[in-house]
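So you know, we letter chains A, B, ... as the sequences are listed, proteins then strands, and number each from 1. For the numbers below, each heavy atom of this structure counts, side chains included, while hydrogens, waters and symmetry mates do not.
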2 protein chains.
Amino acid sequence: MSSTARGVRARARIEVTAAIKDEARRQLAEEGAAKLSLRAVARELGMASSALYRYFPSRDDLLTALIIDAYNAIGAAAESAHDAASGSDPARRWTLVCEAVRAWALAHPHEYALIYGSPVPGYTAPQDTVPPAARVGQVFFGITRDAHRSTGLALPELPAGLRPEAERMTADLAPDLPSEAVTALVAAWAELFGLIGFEVFGQFNRVVEDRETFFRHAADRLARGVGLTPPRQGGSEGTAPARRV
Amino acid sequence: MSSTARGVRARARIEVTAAIKDEARRQLAEEGAAKLSLRAVARELGMASSALYRYFPSRDDLLTALIIDAYNAIGAAAESAHDAASGSDPARRWTLVCEAVRAWALAHPHEYALIYGSPVPGYTAPQDTVPPAARVGQVFFGITRDAHRSTGLALPELPAGLRPEAERMTADLAPDLPSEAVTALVAAWAELFGLIGFEVFGQFNRVVEDRETFFRHAADRLARGVGLTPPRQGGSEGTAPARRV
DNA sequence: CACGTATGAGAGCACTGCTCTTGCTCTGGA
DNA sequence: TCCAGAGCAAGAGCAGTGCTCTCATACGTG
């Protein structure tokens, strides 16, 4: 309100900025980050290319804005999947959130590549990408926290050598969780994006065919890895019984 | 011999092609794929930029050549680490190969991004990248095969829904291994590159500090996931005993 | 030896990111 | 109310890019 009442000029700036991002996102989705051209965006919007620099000081800044939006979009997808499954047990919620993240990635491959593929602008991400980038991870922390509070987590003991780093991470990320869970969580977080990335980037071509099924199973195993067990069959050990084959 | 004796012209072509790739690889390592410029390569080599097109018909073809080289390099790193550890038990070999792959990735981040980040040229990889891309995975298959033949693998039973796809993959990839192992192997393969990618691309910044230790532990857990157990403590179940925490 | 082909060089096209200058329009304070 | 300064748009222009075309030259095979 107050910001819109601040004059027609400020209002126009917001709208033009949004229009630029929208058109840029369209081109990104169609052709990929490499082919995103400021001049093409300006052309499509009917404005001079130089005028665009009033809104984004460089191409990298535009890309950074798109990166933040993409992190927020995939984070929102994870969060809304979690909210929709709020009635389910943690292990099921874990899998549903994994599937939502994967679905977003498959629906927006170029945006996914922008954030989880090679980071293109600069080598270190700008500071303001950090909070949006953390949203997906935080959903998994939340699920694990719930399970820890209710049924507890089934996890093997930490090897001695990992203990110092595990406790450091725990203090930083989730002091209310056991260190065994935090390390398992960070690993599962990274591993999840390995699975998704291989699918999005074509590494599973001619390898995995029924990717839905394969992914669901892999996500289930990740859940077991962080100590989440499906209800009413969780004994004292967290993994399905293993046999020698 | 016969190909080099085929005349000074053919010999020169091989050398110039190699020189172009070397210089391109240098620029790739320094600035990343986005900044790799044919003209700059030609300039550095003291030749006209148009002459370069006699050797690579387009920039994408040059990149594809670099991609194949990178796949071969990371594959060779995995294989030589495996050869060097041929005396060790499978679980230990698994971890050592994982660490070698990670070390290569950290030493060649831009080349790693080229092959496991966003695939930049086209959307589907050319056919001749497939065999080099498979080398790393094949090392892991070999390790698992050894363990299966000697001590066997400790793996949980497959869920019924996954069985068809698991048997499809097994027939395609490793008919001599149990389906439980093949699915676990494919998942672990993707998950490994999730761990490595997150480290190389900076996703672990401000999250994981002692990355060596963290990675070694994570690689160990991946080994357990495919049924590899360290010697003299492997009971009938494949994972370390889990407790409720 | 002569012919054809592989190679190199240069000019040129269309495109890119980005800067600078020139006008115009809106806005906040005297 | 008016007006200086800020915000904004447009155009020209620079240096760089991938790629194509033409033309000359040197090679090596008939």
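Taking only side-chain nitrogens and oxygens, A:Y55 never comes nearer than 4.0 Å to OP1 or OP2 of D:dG7.
Taking every side-chain heavy atom of B:R59 into account, D:dG18 is the closest of C:dA9, D:dA9, D:dG18. Closest to the A:R54 side chain, of the nucleotides C:dG8, C:dT16, D:dC8, is D:dC8. Nearest nucleotide to the A:Y53 side chain, out of C:dT19, D:dC8, C:dG8: C:dT19. Looking at the side chain of A:R43, the nearest of the listed nucleotides D:dG16, D:dA12, C:dC15 is C:dC15.
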Check the pair A:F214, A:F204 against ring pair (Phe, Tyr, Trp, His ring centres under 6.0 Å), reporting the backbone distance first and the verdict last.
CA-CA 11 Å; A:F214 177 81; A:F204 278 163; 5.7 Å; yes
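Between A:F140 and A:W94, the ring planes are tilted. Angles from 30° to 60° get that label.
Put simply, CZ on A:R11 is 17 Å from C1' on C:dT27, counting in whole angstrom units. If you take CG of A:L36 and P of C:dC15, they are 17 Å apart, rounded to a whole angstrom. Between the CD atom of A:E15 and the P atom of D:dG7 there is a distance of 19 Å, given to the nearest Å. Rounded to a whole Å, the NZ atom of A:K35 is 18 Å from the P atom of D:dT17. Atom C1' of nucleotide C:dT7 and atom CG of B:L45 are separated by 15 Å, given to the nearest angstrom.
The pair B:E212-B:R216 does not count as a salt bridge, with every side-chain nitrogen at least 4.0 angstrom from each carboxylate oxygen. A salt bridge links A:D172 with A:R168; the closest basic N to acidic carboxylate O contact falls under 4.0 Å.
Residue contacts for B:F56: at a heavy-atom cut-off of 4.0 Å it reaches no nucleic acid atom on any strand shown. At the heavy-atom level, A:S37 lies under 4.0 Å from the strands shown only through sugar-phosphate atoms. B:L52 comes within 4.0 angstrom of no nucleic acid atom, judged by non-hydrogen atoms across all strands.
Residues A:G46 and B:A40 each lie close to DNA chain D; by heavy-atom proximity, the contact nearer the 5' end of the strand is made by A:G46. Nearer the 5' end of DNA chain C, as judged by each residue's closest nucleotide, is the contact made by B:S49, out of A:L38 and B:S49.
Taking only distance into account, the side chain of A:R13 never meets the base of D:dG7 through a donor-acceptor pair shorter than 3.5 Å. Checked by distance alone, B:R39 brings no side-chain donor or acceptor within 3.5 Å of a matching partner on the base of D:dG16.
Judged by the 6.0 Å distance and 45° axis criteria, B:R13 is positioned over the aromatic ring of B:Y55.
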